[in-house]
Amino acid sequence: MEKINLLFIIILLFYASQVSGQAKSILDPPQIISNPENIYKYSPHSRRFSGISSLAVTPSGRIWVTWYAGITPNEDANNYVVLATSIDGGDSWEEVLIVDPDGRGPVRAFDPEIWIAPDNSLWLFWAQHTKETLSKAGVWAIRTFDIENASPDWSSPMRLTDGVMMCKPLVLSDGDWLLPVSTWRYTNESAKVVASSDNGKTWVIRGACDVPEEYRIFDEHMLVEKKDSSLWMLVRTTYGIGESFSEDKGKTWSKLMPSLFEHTSSRFFIRRLISGNLLLVKHGPIQKKTGRNHLMAFISKDDGKTWSRGLLLDERLQISYPDGQQTADGYIHLTYDYSRRGEQLILYTKFKEEDILSENYDSKIIEVFNQRRIISKGGQ
């Protein structure tokens with residue numbers, strides 16, 4: 001009898017150890033799992049969903065890419081965040097970290113973003129919610145200053161604010177950091193600006209754009225500081241891309257109006273380049289709406305008033321969600337996904353501003369196609 005009781009206690013202790021540290025609610029910190037390559041449930045072979053990637057590149061050229069995945073073909077409670085890195089220009093990749101609140105749920109981790117801050121710290125952001133708390137998602141982050149190390153020491157997970165953030169932060173000319181955080185279709189003033197004036201130690205909601213309810217979906221907004229110091233917000237809507245402006249560093253915003261960009265309801269990417277010009281990556285020509293295909297890159301030399309002919313990056317159906325960064329050597333590094341429930345490719349490519357503006361259009365397209373690298377392929 002004593003042996004049976006002892007065995008029962010051992011079993012209880014085993015299961016307690018398995019669930020310790022796992023999130024019981026969206027407010028609990030998730031598991032941060034290093035070196036996950038030997039854990040089958042996190043292997044690419046077990047995945048039935050992979051997508052929504054983000055990229056950052058260190059000064060030495062180490063590339064970091066994050067996305068989220070799951071063991072079902074759905075965006076559901078099984079979702080977890082993956083972080084991979086490459087030190088050889090994208091030729092080979094190592095998955096080095098998993099963010100998973102609680103395995104099979106009910107809490108999911110999704111919509112990650114990775115970013116190198118001005119203080120040379122690497123931030124990995126993601127969101128957490130459950131099926132029952134869709135309107136109460138929260139933005140979480142870990143960070144490290146050991147950004148050239150494939151297995152750095154990370155900070156403890158921090159919950160920064162309510163909402164979801166899956167587009168690059170913006171650093172203003174006055175040094176403030178802005179996060180484009182959304183509460184999606186669940187609240188008014190959903191396209192929020194969350195600011196830090198102390199290098200990420202504290203965050204406060206500075207202002208928000210009110211996306212009309214009939215056009216509100218997943219805002220996925222991006223922020224640009226114009227040359228006149230005003231802020232330009234571009235927002236994903238049901239009709240495509242809307243725009244709003246702020247003259248007071250993001251405290252108040254103009255009424256959301258359709259932008260000049262025709263676009264499917266999907267994430268796009270906009271960023272100011274070293275040259276001072278703007279880069280836009282979207283689906284199809286500037287004023288033509290396509291589906292999630294024909295991913296193209298454009299340059300504006302006049303702060304967004306007019307745009308160059310686009311450079312075709314990938315023509316296939318089911319490509320989506322570009323994110324990237326320019327490095328000091330002029331290269332624009334880009335990641336995006338393809339066939340999230342089929343081939344489940346997370347992709348990487350690179351090109352330069354002059355490639356977009358080149359007259360040798362066809363040859364530049366071929367060069368970009370040749371630069372494609374597969375970061376991950378799920379369900380192999």
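In this text, all values refer to a predicted model and were calculated from it rather than measured experimentally.
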Linking I/L/V/M/F/W/Y whenever their side-chain heavy atoms sit closer than 4.5 Å, directly or via other members, would Phe145 and Leu124 fall into one cluster?
no
Trp140 and Trp126 aromatic ring geometry - parallel, tilted or perpendicular at 30°/60° bounds:
parallel
Who clusters with Trp115? Use side-chain heavy atoms, under 4.5 angstrom, across I, L, V, M, F, W and Y, and order the result by chain and number.
Trp123, Phe125, Val139, Met158, Leu160, Met165, Val171, Trp177, Leu179, Val181, Val194, Trp203, Ile205
In terms of side-chain geometry, is the basic nitrogen of Glu315 or Arg372 positioned less than 4.0 Å from the acidic oxygen of its partner?
yes
Which residue in the set Leu347, Asp323, Thr349 passes side chain to side chain contact (heavy atoms under 4.5 Å, CB included) when paired with Leu334?
Thr349
For Asp314 and Tyr338, does a side-chain donor sit closer than 3.5 Å to a side-chain acceptor?
no
Kindly give the cluster partners of Tyr331, where membership spreads through any ILVMFWY side chain lying under 4.5 Å from a current member.
none
Arg236-Ser266 side chain donor-acceptor pair, cut-off 3.5 Å:
no
Under the salt bridge (Lys or Arg N to Asp or Glu O under 4.0 Å) test, which residues partner Arg292, sequence neighbours left out?
none
Classify the side-chain pair His333/Tyr348 by whether it contains a donor and acceptor separated by less than 3.5 Å.
yes
Linked, directly or transitively: Ile116 and Leu279 (ILVMFWY side chains, under 4.5 Å)
no
Check the side chains of Glu113 and Ser54 for a donor-acceptor pair under 3.5 angstrom, ignoring hydrogens and angles.
yes
Is it true that Glu225 and Lys249 have a side-chain N and a carboxylate O under 4.0 angstrom from each other?
yes
What verdict does the salt bridge (charged side-chain N to carboxylate O under 4.0 Å, His left out) test give for Glu367 and Lys364, after you've listed the backbone C-alpha separation in whole Å, the side-chain angles of each residue and the deciding distance to 0.1 Å?
CA-CA 5 Å; Glu367 287 180 22; Lys364 292 302 178 182; 3.6 Å; yes
